[in-house]
Q: 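Structure below; questions to follow.
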Amino acid sequence: MIDTVQRTLATTNLTIGTQAHSLTHDGSRYFGLMEIQSRKSNDDYTWVLGLRNSHDKTFPAGIVAGASVFVCDNLSFSGEVKFARKHTRWINRDLPQLVSRAIGMLGEKWNEQDRRIIAYKDHQVTDEAAHDLLIRSVDAGVCANSYIPELLREWRHPQHDAFESRNVWSLFNAFTETLKQASLAELPKRTQALHGLLDVAVGLGVN
């Protein structure tokens, strides 16, 4: 599956940068990361492709669009494309077509992510509103109650000067900095839930 993704990307205008791959649960679960370089570059973050699979049926094989912030290596994921294919005897035959379709769909998800980040940077947020969103993040499944004190510290006194601005982008990075302690395999679910919460706060997708 990894080889197929790499070969498919080689046929596009996307280039793979740094990669990382891991197995957990006695080799039953896999998660990989690939930094993606394109002609459309950003000053403060890069596109990331997350690739995951499981033999214990914990989650289906698929790829997920994400971003990595340069200043702090914070990771987040915004949109997933499942291969929707069981591990049958014909999986190797069908995999190239499934991967090609999935990567094609990821392009628009990365573009949506770029527009989302611009909106986050443009939307100012008060301490009162930030505190409300921190509490609501627990209900949304972003994190547990135990994360709240660290989230507050990161919001009030960010480790990186780039997040001193009181906007939703800084709040978002307070979350992703704190979520580094969570399982990488769980990060797509958590940060997609976070995007759902913050998108409403900045008016994205609201008619």
Side-chain angles (χ1 to χ4, degrees), residues 18-22 24-25 29 31-36 42-52 58-59 64-80 109-110 112-205:
T18 303
Q19 300 183 56
H21 305 273
S22 67
T24 61
H25 296 78
R29 302 176 193 174
F31 195 89
L33 291 172
M34 300 179 187
E35 288 187 355
I36 303 297
N42 298 286
D43 293 334
D44 50 359
Y45 68 94
T46 186
W47 290 350
V48 169
L49 182 152
L51 178 63
R52 66 180 185 177
T58 304
F59 42 76
V64 59
S68 176
V69 181
F70 292 134
V71 71
C72 55
D73 294 327
N74 286 358
L75 281 170
S76 62
F77 298 94
S78 59
E80 186 169 10
K109 293 188 181 296
W110 273 317
E112 289 176 0
Q113 180 175 260
D114 290 343
R115 294 190 290 269
R116 170 185 284 119
I117 290 174
I118 290 172
Y120 286 6
K121 291 178 178 179
D122 288 344
H123 194 93
Q124 300 299 305
V125 61
T126 64
D127 276 345
E128 181 180 6
H131 295 168
D132 178 65
L133 287 165
L134 291 178
I135 298 301
R136 288 166 58 194
S137 72
V138 177
D139 293 334
V142 177
C143 59
N145 285 327
S146 58
Y147 285 65
I148 296 298
E150 188 170 345
L151 282 166
L152 281 171
R153 285 193 297 270
E154 194 60 41
W155 166 247
R156 292 169 177 169
H157 308 287
Q159 298 180 42
H160 306 282
D161 293 342
F163 308 128
E164 290 286 349
S165 298
R166 302 293 79 184
N167 56 24
V168 174
W169 177 239
S170 295
L171 180 62
F172 178 78
N173 277 279
F175 275 100
T176 53
E177 182 69 34
T178 305
L179 288 174
K180 285 180 177 178
Q181 62 187 282
S183 164
L184 180 59
E186 289 290 314
L187 196 58
K189 179 179 69 175
R190 292 179 183 274
T191 52
Q192 286 177 73
L194 176 60
H195 279 307
L197 179 67
L198 298 183
D199 283 2
V200 173
V202 302
L204 285 176

Q: If you take all heavy atoms of A182 and R190, which pair is closest and at what distance?
A: CB-NE, 4.0 Å
Q: Apply side-chain contact (heavy atoms from CB on, under 4.5 Å) to S183 and list each qualifying residue two or more places apart in sequence or on a separate chain.
A: A185, E186
Q: Output yes when a side-chain donor or acceptor of W110 lies under 3.5 Å from a complementary backbone atom of G66, and no otherwise.
A: yes
Q: Take T24 and R29, measure what side-chain hydrogen bond (donor to acceptor under 3.5 Å, both in side chains) needs, and give me the verdict at the end.
A: CA-CA 5 Å; T24 61; R29 302 176 193 174; 5.4 Å; no
Q: Go through the structure and list residues passing side chain to side chain donor-acceptor pair (under 3.5 Å) with E112, not counting sequence neighbours.
A: none
Q: Is it possible for you to check whether R166 lies under 6.0 Å from the centre of the six-membered ring of W155, through NZ or CZ, and within 45° of that ring's axis?
A: yes
Q: Would you say the rings of H195 and F172 are close, in the sense that their centroids are separated by under 6.0 Å?
A: yes
Q: May I ask you to say whether K189 pairs ionically with E80, meaning some side-chain N is under 4.0 Å from a carboxylate O?
A: no
Q: Before accepting this row, confirm whether a basic side-chain N of the pair K109/D114 lies closer than 4.0 Å to the acidic partner's carboxylate O.
A: no
Q: With respect to Y120, which candidate in N167, N173, D199 satisfies the side chain to side chain donor-acceptor pair (under 3.5 Å) definition?
A: D199
Q: Determine whether more than 12 heavy atoms belonging to other residues, nucleotides or ligands lie under 6.0 Å from atom CD of Q181.
A: yes
Q: Look at the side chain of Q19 and the backbone N and O of E35, then say whether any donor-acceptor pair between them is shorter than 3.5 Å.
A: no
Q: Evaluate the side-chain hydrogen bond (donor to acceptor under 3.5 Å, both in side chains) criterion for residues T178 and E154: first the C-alpha distance (whole Å), next the side-chain angles of each, then the deciding distance (0.1 Å), finally the verdict.
A: CA-CA 8 Å; T178 305; E154 194 60 41; 5.5 Å; no
Q: Angle class for the F163/H160 ring planes (parallel below 30°, perpendicular above 60°, tilted otherwise)?
A: perpendicular
Q: According to ring-ring contact (aromatic ring centres under 6.0 Å, His included), who are the partners of F175, at least two apart in sequence or on a separate chain?
A: none
Q: Closer than 3.5 angstrom, by distance alone: can the side chain of T191 be matched with the main-chain N or O of L194 as a donor-acceptor pair?
A: no
